[in-house]
Amino acid sequence: MLSGYAKSGCIKEARELFHAVKDRNFNVVSWTIMIGMLSDAGCLSEALSLFQKMQYLGIAPDCVTILKVLSLCTDSNASVLALQIHTRIIKSAFGCNLTILNTLIDAYCKCGLTELAFAVFEEIEQRDSVTYNALLSGYFKEGNYLNAFALFKHMLKTCTCPTDFTFSSILNSATGLADPGVGAQLHCQIIKSNFTWDVYINNSLLDFYSKINYVHHTRKLFDEMLAKDHVSYNVMISSYSRNGLAKQALELFQEMQLLSIDHKDYPYPSLLSVAGSLSNRDLGKQIHARVVLLGMASSNLTSNGLINMYSTCGYLSCADLIFRQYTDKSTTSWTAFITGCVQNGLYEEALKLFGEMRKTGLDPDTSTFCIVLKACSSLALISLGEQLHSCILRSGYLSSVFAGSSLVDTYAKCGLLEYAKKMFDEMIEKNIVSWNALICAYAQNGKGKKAIEMFERMVTLGLKPESVSFLSVLNACSHSGLVEEGLNYFNSMTSIYNITPRKDHYACIIYMLGRVGRFDKVEQLLDQIPFEPDPIIWSSILNSCKIHGNYELGKIAADKLFCLEPKDAGHFVIMSNIYAKNGKWDEVARIKKLMRDRGIKKEPAYSWVEINRQVHMFSSNDMKHSRIVEIKAYLDELSVEMEKEGYKADVTSDLHLVGDETKVKSLRYHSERLAIAFAFLSTENGIIRVMKNLRTCDDCHVAIKVMSKVVGREIVVRDSSRFHHFKDGVCSCGDYW
DNA sequence: TTAGGGTTAG
C-alpha cells in the first residue's frame with residue numbers, strides 16, 4: 001500500500017499510514033520508500049529524522065537507503081550525517097560499492113567538505129568517470145578552479161574517459177578562471193570528442209564565452225546550436241544585458257516568448273538591468289507588472305533587480321519602498337540599495353545605510369565594499385577610507401581585484417597618490433580596471449607623463465586598453481598640455497584599437513585643444529563629430545574660451561548651453577566672465593538680468609576638510625561654523641603677510657556690483673580659504689587636504705600658492721575636476737588647469 | 001551515483 005501511495009505521490013496518506021502502523025512492523029524497504037517520498041516532497045529534515053529513528057530502532061539501512069540519505073546531504077548542516085554514514089560504510093560491505101562511494105564524494109562536496117571528498121577519492125582503487133565528475137563539481141563549487149584542472153589532467157592521464165558531465169563541469173571552472181585560452185582548448189576537445197550536440201555542454205560553453213564578454217562568440221555558438229533550451233536563452237540574454245546590448249536582449253526575450261520557451265523567472269533580473277541601463281522606467285514598470293503577475297516579485301534576485309532598476313532610473317523612492325518592504329534582505333539587497341543612493345549622489349545616506357546593514361549582522365561582500373568606497377571617495381573621507389581598507393583586509397577580500405582597484409581609486413580621489421600607487425603595487429592580481437584606476441590617479445593629480453608611462457607599461461604587458469583607459473590618458477594629456485601625445489592617442493583609438501570615441505573622448509580632446517588656444521582644430525573637430533555635440537562638449541569649449549578670452553566662439557557655445565541646459569548657472573557665470581575680461585560690461589549686465597529673469601541661481605560653493613575624523617564644511621563667506629570669527633580674523637592677518645609676498649586680490653574676477661573693498665573681502669572668505677585657515681588653526685603640521693564641490697577660482701589658486709609659502713605647509717585641494725598640490729608657493733598643475 | 005543559467009561592485 002505504501003509503494004502505491006509513493007507511485008501516486010499521496011504523501012499525506014502515506015504519512016498517516018506510516019504513523020498508524022507500529023514502527024517495527026515495517027521493513028527497510030518501507031522505511032526507504034517513506035524517506036524517499038519525504039525528500040522528494042522537500043521535507044528534508046523530516047526525512048533525516050526518520051532515518052535517525054530507523055537507526056535507533058536497529059533497522060539496518062540497505063544500499064538504496066544509504067544512497068537516498070546521502071543525496072539529502074546538500075549543505076553544511078548535514079555534514080555530521082554524511083560523516084556518520086561514512087563510518088557505517090567503512091565498517092560494512094558498502095565500502096566496496098563504487099556507486100555508494102561516488103555518492104559519498106558528491107555528498108561531501110555538497111556539504112563543502114572537499115578535503116574529505118578527496119580522501120574518499122584516494123581510497124578508491126578502481127575509479128570511474130563519475131568519481132572524477134563528482135569531485136570536479138565540488139572543486140568548481142568551492143571556487144578551486146586550479147584543483148579542478150589538475151584533477152581533469154589526472155583523469156586524462158589515467159585514461160578515464162571524460163563524459164558529457166566532465167566537460168560541463170570543467171567548463172564551469174574555465175569560466176571561473178576567465179582564461180580565453182583554456183576555454184578555447186576545451187572547445188576543441190569537445191568538438192574532437194563529438195559532444196557538440198549536447199545542450200548541457202553547449203550551455204556551459206555559452207556561459208564561458210558570455211562571462212569573458214566574448215559577445216560575438218557567444219552569439220555565434222548560440223546560432224550554431226542544434227538544440228536550445230531556456231538556459232541557452234537566459235545565458236544569451238544576460239550576456240547582452242551585461243554588455244549593454246539592450247535592444248538585442250529585448251529582442252531575444254520576445255523570441256523566447258514567441259517560441260513559448262519556458263522561461264521561469266530567470267531572465268527577469270537581466271531584463272530589469274536592461275531597463276535600468278536604458279533609464280527606461282516604463283519598460284521597468286512593465287517587467288515589474290509581469291513578475292508580480294507571475295508571483296515572482298518577492299524572489300531575492302528579482303527584488304534586488306527591481307531595487308536596482310528603480311534607483312538607476314532615478315526613482316529612488318520606489319526603490320526605497322521595495323527595499324523597506326522586503327523582509328528577507330540579503331547582503332546583495334543592501335548593496336543594490338546602497339548603489340542606488342550612490343548613483344543618485346546621496347553619499348551620506350549610502351554610508352548611513354552601510355552602518356545599518358552592519359548592525360543587522362550581515363557581512364559586506366566585495367560589491368558592498370566597492371560601492372561604499374565610492375561614496376567615501378566622493379566625499380573624500382580619508383579616515384573612513386582607511387577604516388574600510390582594514391575592514392576589507394580583515395574580511396579576506398583584499399586579494400580581490402575589485403576591492404583592490406576600488407582602494408586604488410579611493411586613495412587617489414582622496415589625494416593620497418603614494419598610497420594609491422602602493423596599493424596598486426601590492427595587488428596580487430591586476431586587471432584593466434586596476435590599471436585604469438592608476439592611470440586616472442596620475443591624470444587627476446596632474447602627473448601627465450607618469451600617466452602616459454603607466455598606459456604604455458600596461459600595453460607592453462599585453463593588456464588591451466579599453467574606452468576608459470583612453471579617457472584617462474586623454475585627460476592626463478589635457479591636464480598637462482601634452483597636445484601632440486593626446487592627438488596621437490585619440491587617433492590610435494580607431495586606427496589601432498578599433499574603439500569608437502564616445503562623446504566624453506571628444507569633449508576631452510576638444511578641451512585639450514581649446515586649452516592651448518587651437519580653436520581652428522576645435523572647429524574642425526566640431527564638424528567631424530558623428531553626433532550632435534552635447535553639453536559636456538560645449539562646456540569644454542566655453543571653458544577654454546574663458547581662458548583665452550575668445551568671446552566669439554564662447555558666445556556660440558554659451559548660446560547652445562543656454563538652450564540645452566537653461567537652468568545651469570555655471571554656463572551663465574563663465575560667459576559673463578568672458579565678457580568681463582573683454583570689458584563688455586553691458587553684456588555682463590545683460591547676462592545677470594537673464595539669470596534673474598529665469599530665476600537661475602548659482603550653485604552654492606562649499607569646501608570641506610577632515611580634522612580628527614570629523615568633517616567641517618564651509619560655504620563662501622560662512623557664518624555658521626562655531627569658530628568662524630577666529631578663522632576670518634586669521635585670514636585677515638594672513639592677508640598682510642600674503643600681500644608682502646606679492647599677492648593682490650583680482651577684483652575683476654568678482655562680478656558683483658559692489659566696491660573693490662567688499663570684493664577683496666568676499667574673495668578672502670571663499671569656502672576653500674576658510675577650510676584651509678581652519679586646518680591651519682587646528683593642526684600644527686602635516687599636509688592639509690581640502691575638497692571643493694566646484695572648480696576653484698583663479699584668485700583662490702593664486703592665493704593658496706602664496707599661503708603655502710607664507711605658512712610653510714603643503715596644501716592639497718581637490719576641486720570638481722582635478723587635484724592641486726600647493727607647496728612653497730608653487731602648484732603641481734604648473735598653473736595649467 | 002555525477003552537470004548548467006539570473007541581480008549588485010572596480
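Naming convention: chains lettered A, B, ... in sequence-line order (proteins, then strands); numbering from 1 in each chain.
- Nearest nucleotide to the A/Ser367 side chain, out of B/dT7, B/dT8, B/dG4: B/dT8.
- The distance between atom CD1 of A/Ile170 and atom P of B/dG4, rounded to the nearest whole Å, is 13 Å.
- Closest contact between the side chain of A/Lys141 and the listed nucleotides B/dG4, B/dT1, B/dT8 involves B/dG4.
- Within the structure, a side-chain polar atom (N or O) of A/Ser273 is placed less than 4.0 Å from OP1 or OP2 of B/dT8.
- Comparing B/dA3, B/dT7, B/dA9 by their closest approach to the side chain of A/Pro269 singles out B/dT7.
- Between the P atom of B/dT7 and the CE atom of A/Met296 lies a distance of 16 Å, rounded to the nearest Å.
- In this structure, of B/dT8, B/dG4, B/dA9, it is B/dG4 that holds the atom nearest to the side chain of A/Tyr200.
- Here the side chain of A/Asp229 is nearest to one of B/dA3, B/dT7, B/dG4, namely B/dG4.
- If you check the side chains of A/Tyr268 and A/Ser299, you find no donor sitting under 3.5 Å from an acceptor.
- Remark: C1' of B/dA9 and CG of A/Leu388 are 14 Å apart, rounded to the nearest angstrom.
- Atom CD1 of A/Ile287 and atom C1' of B/dG6 are 13 Å apart (whole Å).
- Counting non-hydrogen atoms of other residues, nucleotides and ligands closer than 6.0 Å to OH of A/Tyr326 gives a total above 12.
- Rounding to whole angstrom units, CZ of residue A/Arg127 and P of B/dT2 are separated by 19 Å.
- One finds a side-chain N or O of A/Lys211 lying less than 4.0 angstrom from the OP1 or OP2 phosphate oxygen of B/dG6.
- Counting any heavy atom pair closer than 4.0 Å across all strands shown, A/Thr332 reaches a base atom.
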Take A/Thr65 and A/Thr32, measure what side chain to side chain donor-acceptor pair (under 3.5 Å) needs, and give me the verdict at the end. CA-CA 5 Å; A/Thr65 326; A/Thr32 310; 2.8 Å; yes
Going through the distances and angles, do A/Tyr108 and A/His86 end up as a side-chain contact (heavy atoms from CB on, under 4.5 Å)? CA-CA 10 Å; A/Tyr108 273 140; A/His86 190 176; 2.7 Å; yes
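- By the 4.5 Å heavy-atom criterion applied to side chains, A/Met225 and A/Leu206 are counted as neighbours.
- Aromatic rings of A/Tyr233 and A/Phe222 (six-membered ring for Trp) have centroids within the 6.0 Å cut-off, being under it.
- Scanning atom types as modelled, no donor and acceptor separated by under 3.5 angstrom connect the side chain of A/Tyr268 and the base of B/dG6.
- Between B/dT7, B/dA9, B/dT2, one nucleotide has an atom nearer to the side chain of A/Val130 than all others, and that is B/dT2.
- Two rings, from A/Tyr145 and A/Phe152, have their centers 6.0 Å or more apart.
- Here A/Lys430 lies out of heavy-atom contact (under 4.0 Å) with every strand.
- Contacts between residues 100-115 of chain A and DNA chain B, defined by a heavy-atom separation under 4.0 Å, are made by A/Asn102, A/Thr103, A/Asp106, A/Lys110.
- Between A/Leu72 atom CG and B/dT1 atom C1' there is a gap of 14 Å when expressed in whole angstrom units.
- As judged by a 4.0 angstrom heavy-atom cut-off over every strand, A/Thr366 is placed among the base-contacting residues.
- Among residue pairs with one or both ends in residues 393-406 of chain A, those qualifying as side chain to side chain donor-acceptor pair (under 3.5 Å) are A/Ser405-A/Ser434; sequence neighbours excluded.
- Residues A/Leu316 and A/Phe337 are in side-chain contact: their nearest non-hydrogen atoms beyond the backbone lie under 4.5 Å apart.
- For the pair A/Glu356 and A/Lys352, the salt-bridge criterion is not met [side-chain N within less than 4.0 Å of a carboxylate O].
- Distance CG (A/Leu306) to P (B/dT7): 14 Å, rounded to an integer number of Å.
- Ring centroid separation for the pair A/Phe208 and A/His187 does not come in under the 6.0 Å cut-off.
- Across all strands shown, A/Asp365 has no heavy atoms under 4.0 Å from either base or sugar-phosphate atoms.
- Rounded to whole Å, atom P of B/dA9 lies 12 Å from atom CG of A/Asn304.
- Listed by residue number, A/Thr339, A/Gln343 are the residues of residues 336-356 of chain A with a heavy-atom contact under 4.0 Å to DNA chain B.
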